[in-house]
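One-based numbering along the sequence shown.
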Amino acid sequence: MGRDIIADIITSIRNADMDKKGRVKIASTNITKNIVKILLREGFIENVRKHQESQKNFLVLTLRHRKTRKGNKITLKRISRPGLRIYSNYQRIPKILGGMGVVILSTSIGIMTDREARLEKIGGEILCYIW
C-alpha cells in the first residue's frame with residue numbers, strides 16, 4: 001500500500017506549528033514542491049531550502065508564526081484522500097472563511113489555488129484547505 005504524501009506534509013506542518021517549532025523537514029517530490037510554493041506565496045511559511053541526507057532530498061521549511069486571538073496556528077485540513085477522491089468544477093470550488101483561506105487543487109494544468117482555478121475556469125481534485 002502506498003503512502004499519502006500530501007497527508008504526511010500536512011501532518012508535519014500542523015505538528016510543528018502546534019509545538020511552535022520553527023522548522024519542518026519533509027520529503028522532496030514534485031507534488032510537495034508545488035504545494036510548498038503555494039504555501040510560500042500565500043505567506044504561511046517564510047523560507048524553503050533544499051537539504052540532502054544519504055542520497056535522499058528533503059525540503060526544510062521555516063514556518064511563519066502569526067499572532068491571532070487563538071495564538072500561533074496554521075490550520076490545514078486534508079479533503080481528498082486516496083480512499084475518497086473529491087472533485088469540483090470551478091464554479092463549485094468552496095471559499096474558505098469567505099475567501100480568507102486557501103483551497104489547494106490538483107488540476108489538469110498543475111497544482112494551484114482556488115483563486116487561480118477560478119480565473120482559469122478549470123476544476124480539479126480538492127487536495128486541502130488552509131487558513
### Message
Can you give me the closest heavy-atom contact between D4 and P82, atom names plus distance?
### Response
OD2-CD, 3.5 Å

### Message
Is any side-chain heavy atom of V36 closer than 4.5 Å to one of I26?
### Response
yes

### Within one Ile-Leu-Val-Met-Phe-Trp-Tyr cluster: I122 and I86, side-chain cutoff 4.5 Å
no

### Query
In terms of heavy-atom contacts, does CZ of R23 have more than 12 from other residues, nucleotides or ligands at under 6.0 Å?
no

### Query
Any chain of hydrophobic side-chain contacts (each under 4.5 Å) joining Y129 to L105?
yes

### Message
If you compare all heavy atoms of G101 against all heavy atoms of D114, which two are closest, and at what distance to 0.1 Å?
### Response
O-OD2, 4.5 Å

### Point-to-point distance, once rounded to the nearest 0.5 Å, from CG of L59 to OG of S28
4.0 Å

### Query
Do the side chains of C128 and I35 get nearer than 4.5 Å, heavy atoms only?
no

### Message
How long is the straight-line distance from CG of L127 back to OG of S106, given to the nearest 0.5 Å?
### Response
5.5 Å

### Message
Would you compute the distance between atom NZ of K95 and atom CE of M100 and round it to the nearest 0.5 angstrom?
### Response
13.0 Å

### Query
Does CD1 belonging to I31 count more than 12 external heavy atoms closer than 6.0 Å?
no

### Summary
Interatomic distance, OG1@T32 vs CD1@I111, rounded to 0.5 Å, equals 9.0 Å

### Query
Do the side chain of R118 and the main chain of I93 share a donor and acceptor less than 3.5 angstrom apart?
yes

### Query
Distance-only, no hydrogens or angles: does the R78 side chain make a donor-acceptor pair with backbone N or O of S80 under 3.5 Å?
yes

### Task
Please answer: with hydrophobic residues joined when any side-chain heavy atoms are less than 4.5 Å apart, are M112 and I10 in the same cluster?
no

### Query
Is there a side-chain contact between E42 and I130 (heavy atoms, below 4.5 Å)?
no

### Message
Do V60 and I9 land in one hydrophobic cluster if side-chain heavy atoms of ILVMFWY residues count as linked below 4.5 Å?
### Response
no

### Message
Does N30, at its CG atom, have more than 12 non-hydrogen atoms belonging to other residues, nucleotides or ligands within less than 6.0 Å?
### Response
no

### Task
First locate atom CG of N34, then atom CD1 of I104, and finally report the distance between them rounded to the nearest 0.5 Å.
10.0 Å

### Message
Within this structure, what is the OG1-CG distance for the pair T62 and N47, rounded to the nearest 0.5 Å?
### Response
4.5 Å

#### Entry: A16 to L63 - nearest heavy-atom pair and separation
CB-CD1, 3.8 Å

#### Entry: Transitive ILVMFWY side-chain link F58 to I5, under 4.5 Å
no

### Task
Indicate yes or no: at least one non-hydrogen side-chain atom of K77 is less than 4.5 angstrom from one of I96.
no

### Task
Taking the side chain as every heavy atom from C-beta outward, state whether R64 and I45 have any atom pair closer than 4.5 Å.
no

### Task
Could you tell me whether the side chain of E120 reaches within less than 4.5 Å of the side chain of T107, counting heavy atoms only?
no

### Message
When you compare the side chain of F44 with that of V102, does any pair of heavy atoms fall below 4.5 Å?
### Response
yes

